[in-house]
Amino acid sequence: MPTLRHNSSLKDEIRDYWSSRSATFDTMPGHEIFSADERQGWLALFRRHLGDVGTGAKALDLASGTGVISLLLAELGYQVTGLDLSDAMLARARAKTAGKPIRLYAGDAEDTLEPSETYDVVATRHLVWTLPDPPGAFREWFRVLKPGGRVAIVDVDMINPRPGNGALLRFAAKLAKRFVDLPPPAAHVAVHNDIVSRVYFSQGCRPEEIVRLLGEAGFAEARIDRNLSAIHRAQGKFMPLHQRLERASQDRFIVSARKPGRAAR
């Protein structure tokens, strides 16, 4: 099991890293949504794991970034609260979500300060792999969910190849890069790699470990779903070949689970 690093300075580094990326975050496929096909893929994915939305259902979007997932949840009918460590990300999100049923605040996904049993859904995208303390975070998410509420975790293991043909796709991506005049690595890559080396999932964000930790936190009915192909096909239209192959080699997934009890919707 990875060693926990309870280190407030690491969270400061994570916040500063994403703040530095905020200006270009929405220019990158895989962050912002660039087509109707991709948006429909996301909506279908969340419907598959969250079910039908009841009147007044509330969703908590953690590490809400520039508001991409918050907007999707609002489109599905949720009243959304988004929390993010980065004020720079939140500023961009507020500009995009004006007039929508979305509230955005600075907040910590591992210690939300939200009231207990408030939300029908907790959703995250590409957050868990960055957490210093996922076990503590999952206990916190269990606390803020209503009985019967659901958690939906969209994430990626960028270190270990996906089951099946992941290793072959990773090799193909390396070959494809030989035929492309790539720019030198951006300055933020070294910062990113240093942060990754110090988080809980430093050896890879494995969905099976997420399921295990969710169970320890009290969640039930956890399942792993790697069928994000509609989303990835749509994103791939805006990526060069080597990037499509590299992303296809990674283990990309959604893990969902339920807090035991009767859903109050």
Side-chain angles (χ1 to χ4, degrees), residues 8 10-34 38-39 42-43 45-47 49-50 53-134 136-138 140-146 149-155 188 195 231 254 256 265:
S8 60
L10 176 56
K11 284 191 181 179
D12 292 339
E13 291 176 43
I14 292 170
R15 179 201 62 213
D16 293 346
Y17 171 77
W18 288 111
S19 293
S20 73
R21 300 285 308 279
S22 63
T24 59
F25 188 86
D26 284 342
T27 67
M28 301 176 65
H31 290 174
E32 181 56 282
I33 294 172
F34 287 96
E38 183 182 353
R39 186 174 69 256
W42 281 110
L43 293 172
L45 180 71
F46 284 125
R47 287 192 186 101
H49 285 266
L50 302 178
V53 179
T55 302
K58 295 181 179 180
L60 181 61
D61 177 17
L62 294 172
S64 52
T66 62
V68 176
I69 301 302
S70 292
L71 285 166
L72 290 169
L73 293 171
E75 189 170 345
L76 288 171
Y78 289 98
Q79 297 176 26
V80 183
T81 298
L83 299 183
D84 200 279
L85 284 174
S86 168
D87 287 327
M89 287 285 192
L90 288 167
R92 294 183 176 275
R94 291 188 179 106
K96 291 166 59 177
T97 61
K100 304 292 185 180
I102 299 171
R103 306 179 306 158
L104 297 168
Y105 303 107
D108 184 346
E110 294 180 346
D111 184 15
T112 68
L113 303 180
E114 293 293 297
S116 298
E117 298 189 359
T118 299
Y119 291 97
D120 300 278
V121 163
V122 171
T124 77
R125 183 182 69 161
H126 301 167
L127 163 66
V128 168
W129 70 269
T130 73
L131 292 175
D133 183 11
F138 294 168
E140 171 71 356
W141 304 354
F142 188 90
R143 181 186 68 79
V144 302
L145 277 171
K146 298 175 183 178
R150 293 188 173 275
V151 62
I153 298 168
V154 178
D155 229 297
H188 66 74
I195 289 172
I231 295 168
I254 182 171
S256 61
R265 291 190 179 178

So Phe138 and Trp141, would you call those rings parallel, tilted or perpendicular, with 30° and 60° as cut-offs? tilted

Do Arg15 and Ser86 pair up side chain to side chain, a donor and an acceptor below 3.5 Å, judged on atom types alone? no

What's the shortest heavy-atom distance between [X] and [Y], and which atoms?
X      : Y      : result
His49  : Ser256 : ND1-OG, 2.7 Å
Arg125 : His31  : NH2-O, 2.7 Å
Lys146 : Asp120 : NZ-OD2, 3.4 Å
Leu145 : Val151 : CD1-N, 4.3 Å
Arg143 : Ser116 : NH1-OG, 2.9 Å
Ala137 : Glu110 : CB-CG, 3.8 Å

Quick check for you: to the nearest 0.5 Å, what is the distance between [X] atom [atom1] and [Y] atom [atom2]?
X      : Y      : atom1 : atom2 : value
Leu90  : Asp84  : CG    : CG    : 5.0 Å
Leu83  : Thr112 : CG    : OG1   : 6.5 Å
Ile231 : Arg39  : CD1   : CZ    : 12.5 Å
Leu85  : Ile14  : CG    : CD1   : 7.5 Å
Thr124 : Leu60  : OG1   : CG    : 10.0 Å

So, do Trp42 and Val154 sit near enough that their side-chain heavy atoms are less than 4.5 Å apart?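 With C-beta onward as the side chain, the pair touches.
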
Close side-chain approach of Lys58 to Thr81, heavy-atom, < 4.5 Å: no

Run the numbers on Met89 and Phe25 for side chain to side chain contact (heavy atoms under 4.5 Å, CB included), then give the verdict. CA-CA 9 Å; Met89 287 285 192; Phe25 188 86; 3.5 Å; yes

In a table with atom names and distances, give each donor-acceptor pair under 3.5 Å that connects a side chain of residues 65-76 to protein atoms at least two apart or in another chain.
| unit_1 | atom_1 | unit_2 | atom_2 | d |
| --- | --- | --- | --- | --- |
| Thr66 | OG1 | Asp26 | OD1 | 2.7 |
| Thr66 | OG1 | Lys96 | NZ | 3.3 |
| Ser70 | OG | Asp61 | OD2 | 2.6 |

So which pairs with a foot in residues 82-132 pass ring-ring contact (aromatic ring centres under 6.0 Å, His included), sequence neighbours left out?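 Of all non-adjacent pairs touching residues 82-132, those that pass ring-ring contact (aromatic ring centres under 6.0 Å, His included) are Trp129-His192.
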
Could you tell me whether the side chain of Ser22 and the main chain of Ser19 form a donor-acceptor pair under 3.5 Å?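 Yes: the side chain of Ser22 pairs with the backbone of Ser19.
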
Given side chain to side chain contact (heavy atoms under 4.5 Å, CB included), test Tyr17 with Thr130 step by step and report yes or no. CA-CA 11 Å; Tyr17 171 77; Thr130 73; over 6 Å; no

Name the one of Val128, Leu127, Val144 that satisfies side-chain contact (heavy atoms from CB on, under 4.5 Å) with Leu62? Leu127

